[in-house]
There are 2 protein chains.
Amino acid sequence: MNVPAALRNCRLFAELPEADLRLVAALAGARRFDAGTPLFEAGDPADRFYVVAAGRVKVFKLGEQGREQILHVAHPGESFAEAAIFAGRAFPAAAETLEESTLIAIPAAPFLDLLRRNPELTLRLLGGLALWLRRLVDLVEDLSLRDVQARLAGFLLREASARSLDLRSGARIPLGTTKALLARRLGTVSETLSRTLYKLQQEGAIRVVGRDVLVVDPKRLRALAGDRKEVPAARGS
Amino acid sequence: MNVPAALRNCRLFAELPEADLRLVAALAGARRFDAGTPLFEAGDPADRFYVVAAGRVKVFKLGEQGREQILHVAHPGESFAEAAIFAGRAFPAAAETLEESTLIAIPAAPFLDLLRRNPELTLRLLGGLALWLRRLVDLVEDLSLRDVQARLAGFLLREASARSLDLRSGARIPLGTTKALLARRLGTVSETLSRTLYKLQQEGAIRVVGRDVLVVDPKRLRALAGDRKEVPAARGS
DNA sequence: CGGCTACTTGACTGTGGTCAATTGGTGTGG
DNA sequence: CCACACCAATTGACCACAGTCAAGTAGCCG
């Protein structure tokens with residue numbers, strides 16, 4: 001059995017000895033999914049996790065009234081739901097493909113066996129989870145302590161640095177998807193996102209061009225991202 | 001060198017072979033701290049983590065204007081900040097003792113060595129982090145998708161089940177600390193918590209007696225915890 | 001050209017955070 | 001034993017942020 005390229009390119013398995021890679025590959029099943037296919041819901045038995053070979057997948061929490069909070073959007077080469085197979089037997093969140101996607105499902109039980117025989121892989125996994133924790137802590141901070149404007153500004157800055165764009169020369173940041181999706185990532189709704197983008201434009205920090213954002217004034221953007229909320233916006237009358 | 005009881009009782013190290021326990025103990029340094037002592041701030045180099053031997057420690061994010069979101073309150077036998085030593089070199093949050101506490105600090109570098117030689121411990125750690133992730137996902141859900149009333153109701157239910165109290169016979173849940181602390185755990189402020197406790201009382205779900213909460217109507221409490229937000233609270237006029 | 005979706009804009013309102021004053025409980029010292 | 005200080009908790013008044021509903025616009029594809 002040969003090893004799918006997606007596994008080889010996956011951060012989690014990078015540098016894994018060929019033999020082990022084959023073991024993983026032996027477990028794995030790749031499948032194509034249409035856009036918008038639910039993969040699992042919160043509460044489903046967590047007996048597997050996924051590696052994205054192609055496409056994109058959103059992992060999210062659903063509240064009553066159908067509001068959703070997106071926790072993560074997994075891109076090709078990333079794995080998701082790997083934490084779920086360690087704690088409890090149920091997925092804590094739901095997942096759904098955003099577009100037509102090819103996913104590799106890795107069943108929990110044999111993978112856990114593999115881990116027992118492969119401390120190096122376990123350590124790598126540990127690092128991955130720790131990173132995840134950090135992201136979630138940041139999300140909590142955003143939701144609890146920052147307003148939408150600060151979250152959005154922060155998101156743009158992170159996005160720019162993730163794509164290693166040079167902010168000084170007016171970076172052009174592609175939002176990548178619909179604004180409704182971004183809104184739900186930031187813990188808000190599309191209407192508010194729309195207004196907030198407009199406000200950032202008024203402030204002179206950015207310019208919105210279609211689905212791209214031009215960073216006009218990085219300094220101001222940084223100020224809005226970090227030091228928000230200290231100006232209680234002058235009392236009326 | 002003998003092994004401190006706190007290490008032996010720590011969930012993370014339970015069942016660890018005596019020899020390894022000694023190795024950990026050899027690394028560790030126990031120290032007493034006064035109440036309200038800052039242990040580290042967000043951004044400090046994460047070169048160690050802690051096990052609580054006695055007392056309590058809060059781990060929290062600080063926003064501008066001094067508002068804080070508590071991520072965790074660590075009790076004796078628990079470890080905290082262990083994730084930080086794997087991802088990045090900085091603590092993502094701050095920590096401070098709530099009362100006079102004795103803490104065991106475990107330096108990162110030698111501990112990582114120990115892990116490399118101890119796959120069993122690594123796996124246990126993995127499980128611990130995964131559990132943490134789940135809690136944080138729940139916190140995100142709370143902050144993003146539930147109102148304060150639902151969060152509070154949910155907290156009371158979790159607290160009751162954690163202490164394995166029988167709800168049917170009017171469980172008495174001790175809040176354990178000041179209401180200000182609880183408020184910051186739930187992502188709100190003491191004033192709002194006060195009002196919300198009052199509302200839950202009006203609804204007939206609970207009765208507040210000093211720093212204890214009596215669960216009067218578990219069914220209603222569960223309804224308020226889970227299905228919140230679907231009743232837009234009857235229009236005025 | 002019609003229909004669909006993404007997006008924007010407007011008007012409105014609820015939740016909950018802020019500030020400030022009051023109450024209550026507890027420990028200390030005269 | 002009372003007066004005082006101190007802190008936790010409550011209550012009231014206010015208001016801003018952001019979510020909802022609804023209508024309108026833009027862009028895209030068949």
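Per chain, numbering begins at 1; letters A, B, ... match sequence-line order.
Here D:dT20 presents its P atom at 13 Å from CD of A:E68, a figure rounded to the nearest Å. Distance, A:L175 CG to C:dA6 P: 15 Å, rounded to whole Å. Taking atom CG of A:L145 as the reference point, atom P of C:dG16 lies 16 Å away to the nearest angstrom. At whole-Å resolution of the value, CG in B:L200 and P in C:dG16 are 12 Å apart. Note: CG (A:L182) to P (C:dC7) measures 10 Å, nearest angstrom. In this structure, the CG atom of B:L143 is 14 Å from the P atom of D:dA18, given to the nearest Å. When rounded to the nearest whole Å, the span between CD of A:Q149 and P of D:dG19 equals 14 Å. Rounded to whole Å, the distance from CD on B:E64 to P on C:dT18 is 13 Å.
Residues forming a side chain to side chain contact (heavy atoms under 4.5 Å, CB included) with B:D44 (at least two apart in sequence, or on another chain): B:F40, B:E41, B:F91. By the side chain to side chain contact (heavy atoms under 4.5 Å, CB included) test, A:R89 is found to be paired with no residue, residues two or more places apart in sequence or in another chain being considered. Take A:F49 and apply the ring pair (Phe, Tyr, Trp, His ring centres under 6.0 Å) test, not counting sequence neighbours, and it matches A:F111. Residues passing the side chain to side chain donor-acceptor pair (under 3.5 Å) test with B:S79 are B:E82, sequence neighbours excluded. In this structure, the side chain to side chain contact (heavy atoms under 4.5 Å, CB included) partners of A:R211, at least two apart in sequence or on a different chain, are A:T178. Judged as a side chain to side chain donor-acceptor pair (under 3.5 Å), and not counting sequence neighbours, the contacts of A:R48 are A:Y50.
With D:dC17, D:dG19, C:dT15 as the choices, the nucleotide that has an atom nearest any side-chain atom of B:D147 turns out to be C:dT15.
Within the 4.0 angstrom heavy-atom criterion, no nucleotide atom of any strand lies near A:T196.
Electrostatic pairing of A:R172 and A:D212 counts as a salt bridge here, judged by a charged N lying under 4.0 Å from a carboxylate O. We find that B:R168 and B:D166 are joined by a salt bridge, their nearest charged nitrogen and carboxylate oxygen being less than 4.0 Å apart.
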Go along nucleotides 21-27 of chain C 5' to 3' and tag each nucleotide: B for a protein heavy atom under 4.0 Å from its base, S when only backbone or sugar atoms are that close, - otherwise. -------
Please tabulate, for side-chain N and O atoms in residues 154-162 of chain B, each donor-acceptor pair with protein atoms closer than 3.5 Å (sequence neighbours left out).
from, atom 1, to, atom 2, distance (Å)
B:E159, OE2, B:R163, NE, 3.3
B:E159, OE2, B:R163, NH2, 3.0
B:S161, OG, B:R158, O, 3.3

Give the table of side-chain donor-acceptor pairs shorter than 3.5 Å for residues 188-195 of chain A, with sequence neighbours excluded, one pair per line with atom names and distance.
none

N/O contacts under 3.5 Å, protein versus nucleotides 7-12 of chain D?
from, atom 1, to, atom 2, distance (Å)
D:dA8, O3', B:R211, NH2, 2.9
D:dA9, OP1, B:K179, N, 3.3
D:dA9, OP1, B:R211, NE, 3.1
D:dA9, OP1, B:R211, NH2, 3.4
D:dA9, OP2, B:K179, N, 2.8
D:dT10, OP1, B:K179, NZ, 3.1
D:dT10, OP2, B:S194, OG, 2.9
D:dT10, O5', B:S194, OG, 3.0
D:dG12, N7, B:R195, NH1, 3.0
D:dG12, O6, B:R195, NH2, 3.2

Please list, for nucleotides 23-30 of chain D, all pairs of protein and nucleotide N/O atoms separated by less than 3.5 Å.
none

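Within the structure, every pair that satisfies the side chain to side chain donor-acceptor pair (under 3.5 Å) test and touches residues 51-62 of chain A, not counting sequence neighbours, is listed here: A:R56-A:E99, A:K58-A:E68, A:K61-B:E141.
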